[in-house]
*Asks:* 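Sending over a structure as structure tokens; questions will come in a sec.
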Number of protein chains: 2
Amino acid sequence: MARNADGTRARLLSAARHEFAAFGLAGARVDRIAADAGSNKAQIYYYFGSKDQLFDTVFAAALDDLVRGTPMDVNDLPGFAAQLAEAYEHDPDLLRLVSWQRLERGARRERRERRERRAGPTPRAAVEATQAGIAQIAQAQAQGRLSDRYPADVLLHAVLHIAALWAPASRDLAWSGKPLPSAARDRIIAQMVLDLVAP
Amino acid sequence: MARNADGTRARLLSAARHEFAAFGLAGARVDRIAADAGSNKAQIYYYFGSKDQLFDTVFAAALDDLVRGTPMDVNDLPGFAAQLAEAYEHDPDLLRLVSWQRLERGARRERRERRERRAGPTPRAAVEATQAGIAQIAQAQAQGRLSDRYPADVLLHAVLHIAALWAPASRDLAWSGKPLPSAARDRIIAQMVLDLVAP
DNA sequence: CTCTGTCAACTGTCTAGTTAGTTGATAATC
DNA sequence: GATTATCAACTAACTAGACAGTTGACAGAG
């Protein structure tokens, strides 16, 4: 086997991303990740330390990628939401990872676990982008370019969730199942956001 | 220990509900459920057949309770959303169960699992209520009492998600963390729904 | 030679599911 | 009304496999 540290690391990360997205932290199998990456289980511990740390690394990378790849445009929140929806469609693992992270690595009391498993660190780039986004929205509201019916953080939160409305991880019983074309979906999402932010 | 089949079954269900809400299907421990219920592991298999079936039972009961306890009022969707939000606040396990169900029991391809674990059945009462709700919304739209900017199923879907905006399982990085009073939260949710449904 | 990357095999623990047997209530039999 | 049979409810102990994490050896590159 050719020696290639960066390549192995990247293959492990990619395999871990798929595995965690599919099965979550508790359901993921370290052996499966190693096998999928064409590597060895020991490599995972060599490179990432533990299963939990591997998950945190995968999650942080995914979120940072998303934030960098789909920057918020405060002057076009409807378009931003539509772009997000397309990112989610293009990579269905993304929102699943987010959901797993909320459920399994969030700040819940975790009544009693073997090892005190503390919540994972939040990815720096994503946190900063979010804070900046809230500030921009607040400013636009102050200038009357956006409705101030809602607090800025609530508004951003709502926009992010509306963008995720079509993701498989959001589907509920109200879902007819008939697949809406991307363009139509984007139009609906943009219109909904417009309904919320129009001054 | 007094013998009480119904009581034991109920205690097991309640313990399972907490356990599954906290840890999900893969993370839940059958032994813990039995211990919490003050019962025995074998009773779980006696009453429910398997861990998966126990989860499905818990989930169906939770969803049916919710649907029955918070019926949709097509003439007051904003109020309906606010009521939902209060139900979610009152029982934080509810939306966690829904999230776990989507992630772990949904119709995903499940790349390869030991046993062919097919997706769980959808609770009858909830499905019927949802279909009825969509029909009512469509009718109200046809009569001009609700905006027809959005298809009826999309509208209901959006309303359900907006109601869940404040649930811990939805919190993302845009979340400031400062707890909004229930009344203020309900007002915001109702306003958002109004923005979407006003003709 | 030595350091880094790699891996097969191993370990101790955990876990879903099973089993064989016990207990208590109810009901039939004398 | 006492004795016995029956069955549902219950339990402790067990099994077989799965799992996260470890080790020690080995190989290629500088």
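Reminder, nothing fancy here: chain letters follow the sequence lines and each chain counts from 1. When reading the values below, keep in mind they use all heavy atoms of this one structure, side chains included, and skip hydrogens, waters and symmetry mates.
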*Asks:* Categorize A/Ala34 for me: base, sugar-phosphate, or nothing, with a 4.0 angstrom heavy-atom threshold over every strand shown.
*Replies:* nothing
*Asks:* Rounded off to whole Å, could you give me the CZ-to-P distance for the B/Phe48 and C/dA16 pair?
*Replies:* 16 Å
*Asks:* I need the CZ-P distance between B/Arg32 and C/dT15, as an integer number of Å.
*Replies:* 7 Å
*Asks:* Can you check the B/Asp31 CG to D/dC14 P distance for me, whole Å?
*Replies:* 15 Å
*Asks:* May I ask you to evaluate whether A/Ser39 reaches the phosphate of C/dC7, defined as a side-chain N or O under 4.0 Å from OP1 or OP2?
*Replies:* yes
*Asks:* Of all heavy-atom pairs between B/Lys51 and B/Ala26, which one has the smallest distance, and what is that distance?
*Replies:* NZ-O, 3.7 Å
*Asks:* Kindly say if B/Asn40 contacts the phosphate of D/dA12, meaning a side-chain N or O under 4.0 Å from OP1 or OP2.
*Replies:* yes
*Asks:* Provide, to the nearest angstrom, the distance between the CD1 atom belonging to B/Ile33 and the P atom belonging to C/dT15.
*Replies:* 12 Å
*Asks:* Does C/dA16 have OP1 or OP2 under 4.0 Å away from a side-chain N or O of B/Tyr45?
*Replies:* no
*Asks:* What is the distance, rounded to the nearest whole Å, between atom CZ of A/Arg11 and atom P of C/dG5?
*Replies:* 13 Å
*Asks:* Out of C/dA16, C/dC7, C/dT19, which nucleotide sits closest to the side chain of B/Lys51?
*Replies:* C/dA16
*Asks:* When we call it a touch if two heavy atoms are under 4.0 Å apart, what does A/Ala42 touch: a base, just sugar-phosphate, or nothing?
*Replies:* base
*Asks:* Hey, does the side chain of A/Tyr46 come within less than 4.0 Å of C/dT4's phosphate (OP1/OP2), counting only N and O?
*Replies:* no
*Asks:* With no angle test and no hydrogens, is the base of C/dG17 tied to the side chain of B/Lys41 by a donor-acceptor pair under 3.5 Å?
*Replies:* yes
*Asks:* Using a 4.0 Å heavy-atom cut-off, does B/Tyr47 contact any base of the nucleic acid, only the sugar-phosphate backbone, or nothing at all?
*Replies:* sugar-phosphate
*Asks:* What is the distance from CG of B/Leu12 to P of D/dT11, rounded to the nearest Å?
*Replies:* 10 Å
*Asks:* Who pairs with B/Asn75 by side chain to side chain contact (heavy atoms under 4.5 Å, CB included), at least two apart in sequence or on another chain?
*Replies:* B/Asp73, B/Arg145
*Asks:* A side-chain contact here means heavy atoms from C-beta on lying under 4.5 Å apart; do A/Leu160 and A/Phe80 qualify?
*Replies:* yes
*Asks:* Rounded to the nearest angstrom, tell me the gap between atom CZ in A/Phe23 and atom P in D/dA20.
*Replies:* 12 Å
*Asks:* Strictly below 4.0 Å: does A/Thr8 bring a side-chain N or O up to OP1 or OP2 of C/dT6?
*Replies:* yes
*Asks:* Could you tell me whether the phosphate oxygens of C/dC14, OP1 or OP2, come under 4.0 Å of any side-chain nitrogen or oxygen in B/Arg29?
*Replies:* no
*Asks:* In whole angstrom, what separates A/Ile44's CD1 from C/dC7's P?
*Replies:* 12 Å
*Asks:* With sequence neighbours excluded, what pairs up with B/Arg9 under the salt bridge (Lys or Arg N to Asp or Glu O under 4.0 Å) test?
*Replies:* none
*Asks:* May I ask you to decide if A/Leu165's main-chain N or O and B/His161's side chain share a donor-acceptor pair within less than 3.5 Å?
*Replies:* no
